[in-house]
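Okay, structure first, notes after.
In what follows, chains carry the letters A, B, and so on, assigned in the order in which the sequence lines appear, proteins first and then strands, with residues in each chain numbered from 1.
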2 protein chains.
Amino acid sequence: MARQPTGESVLSRAVRIFEAFTPEEPVLQVSEIARRTGLHLATASRLVAELTGHGLLTRDDDRRVRIGVRMWELALRASPTATLRDAAMPFMEDVHAVVGHHVQLGVRDGDEVIFLERLSAPKAVINYTRIAGRLPMHASSSGLVLLAHGPADLRDRVLAGPLRAYTANTITTPDRLRSTLADIRKQGFAWCPGHIHEEALGVAVPVKDARGGIVAALSVIVPNTAESRGVTGILMAAARGITRSLPPSPLTH
Amino acid sequence: MARQPTGESVLSRAVRIFEAFTPEEPVLQVSEIARRTGLHLATASRLVAELTGHGLLTRDDDRRVRIGVRMWELALRASPTATLRDAAMPFMEDVHAVVGHHVQLGVRDGDEVIFLERLSAPKAVINYTRIAGRLPMHASSSGLVLLAHGPADLRDRVLAGPLRAYTANTITTPDRLRSTLADIRKQGFAWCPGHIHEEALGVAVPVKDARGGIVAALSVIVPNTAESRGVTGILMAAARGITRSLPPSPLTH
């Protein structure tokens with residue numbers, strides 16, 4: 001691998017440049033990119049120029065830099081997550097039409113949940129997640145479902161903590177987490193009233209592929225009130241529909 | 001920029017590796033990646049290993065390679081297309097609930113339309129496009145809308161051809177294309193019966209940002225029958241809704 005004098009590879013620097021962009025600040029000056037990545041301005045300029053040449057970044061008329069459409073295209077067109085998301089989308093729309101608020105599709109990436117898709121109603125209950133947003137596994141209903149059915153080494157890592165509290169209802173002890181995961185495996189769903197926000201209830205069910213492996217969590221975020229009790233059945237039916245629509249080969253990440 | 005002995009940069013080779021994956025073949029052996037990119041097997045292996053280390057590619061248990069979730073995340077979380085897509089999604093869902101079939105959001109990238117989002121009904125009329133799919137500007141209703149309102153140099157390039165025929169109805173002459181674009185600017189929509197497939201009608205309207213610049217095309221693909229005449233008004237109303245929901249800063253690509 002070709003390396004710069006500091007020993008860091010070009011690819012690694014390019015990744016750091018992409019990481020400098022955030023949902024809150026999707027447009028940056030090159031000087032700001034240099035500052036955030038710790039790269040010399042000349043190095044950042046050169047890399048931004050090359051990435052722009054490939055369409056992975058793009059420049060405004062005023063020379064500010066954004067993520068390019070080509071980056072998005074390369075990421076999406078052959079992504080296994082695109083297959084999963086395409087299969088899930090019609091069922092997510094059905095759930096959204098009935099339940100309203102937020103309907104989400106999450107997968108595990110490392111020790112976190114990442115949300116591939118979210119349908120939201122304009123006046124939905126509050127929600128921390130967004131598309132391509134992440135949440136820790138112990139805190140979210142989707143994370144708990146993926147954790148309950150995930151590999152033992154993942155469970156050991158998460159149980160070892162830290163288990164950050166979002167509200168007084170967040171699971172923050174290994175004992176409570178362990179018994180919750182056992183309940184989820186038995187019941188087939190995760191039920192998280194006020195775990196991330198007092199006013200919100202998260203409910204998640206596993207989505208299986210044709211071989212029975214858990215590939216995603218389908219979830220809703222609804223008001224934390226008694227009227228929300230009916231959502232579990234709707235979610236379970238939708239998850240079965242997604243499984244039927246998935247291609248026969250397993251989707252792994 | 002660090003370069004390999006052949007003079008091609010590492011980033012350029014990495015882009016070629018991503019390009020080796022297609023919607024039809026999203027999972028590849030390293031040897032197949034080497035073949036498709038023209039890279040030496042050792043070079044391809046080394047680059048795949050580094051890209052996997054960054055999470056931009058991922059390996060199955062059987063060592064086959066896919067696009068990684070991290071690539072998807074970096075592309076999406078700060079993408080200007082994500083802002084546009086998030087603003088458009090509730091209105092696209094409304095159009096889809098009323099019209100059925102396919103509802104699409106397309107933007108211009110280079111001399112083509114790329115589709116950021118598509119909602120499809122299970123039994124929808126046939127459709128060539130997919131998310132992150134591309135179509136030439138002269139053939140699709142979305143492309144014609146973006147072309148009609150695009151820069152003069154783009155129009156000159158597309159008018160210079162070639163104008164590939166998909167059906168007997170596709171626009172294939174510069175004269176017909178020029179007059180169609182003038183009609184679109186006057187009427188406010190593109191109406192393409194059977195231009196890509198005999199049975200399908202494509203209808204597209206422009207989506208403006210707060211400053212009045214055209215940032216996208218909102219379109220439906222419906223059966224090419226008399227009953228489809230009502231869709232234009234629905235699309236125009238939805239496009240206005242999207243404009244209202246967009247942040248005040250202009251979205252450029």
Using salt bridge (charged side-chain N to carboxylate O under 4.0 Å, His left out), reason through B/R13 and A/E50 one step at a time and then give a plain yes or no. CA-CA 12 Å; B/R13 290 171 175 213; A/E50 191 176 358; over 6 Å; no
Would you please name every residue forming a salt bridge (charged side-chain N to carboxylate O under 4.0 Å, His left out) with A/E112, sequence neighbours left out?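 With sequence neighbours excluded, A/E112 shows a salt bridge (charged side-chain N to carboxylate O under 4.0 Å, His left out) to A/R134, given in chain and number order.
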Using non-hydrogen atoms and a 4.5 Å limit, figure out which bit of A/S12 sits close to chain B: side chain, backbone, both or neither.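 Contact with chain B: backbone and side chain both.
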Given that the side chain runs from C-beta out, which part of A/E93 has a heavy atom under 4.5 Å from chain B: side chain, backbone, both or neither?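 For A/E93, the side chain is the part near chain B, not the backbone.
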Would you mind reporting whether [Y] and [X] have side-chain heavy atoms less than 4.5 Å apart?
X: B/E19; Y: A/E73; result: no
X: A/W72; Y: B/I114; result: yes
X: B/R118; Y: A/M89; result: no
X: A/L47; Y: B/L11; result: yes

Could you name each residue pair satisfying side chain to side chain donor-acceptor pair (under 3.5 Å) that touches residues 138-147 of chain B, not counting sequence neighbours? B/S142-B/S219
Determine the option with the most heavy-atom pairs under 4.5 angstrom with chain A, choosing from B/L51, B/I67, B/T22. B/I67
Using the rule given for side chain to side chain contact (heavy atoms under 4.5 Å, CB included), can you reason through B/R16 versus A/H54, listing the C-alpha separation, both sets of side-chain angles and the distance that settles it, and then say yes or no? CA-CA 10 Å; B/R16 279 207 278 149; A/H54 288 297; over 6 Å; no
For B/L74 versus A/V15, what's the shortest heavy-atom pair and its separation?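 Closest pair (atom of B/L74, atom of A/V15, distance): CD1-CG1, 4.3 Å.
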Around atom CZ of A/R157, are there more than 12 heavy atoms from other residues, nucleotides or ligands closer than 6.0 Å?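 Yes - once you tally the heavy atoms of other residues, nucleotides and ligands closer than 6.0 Å, there are more than 12.
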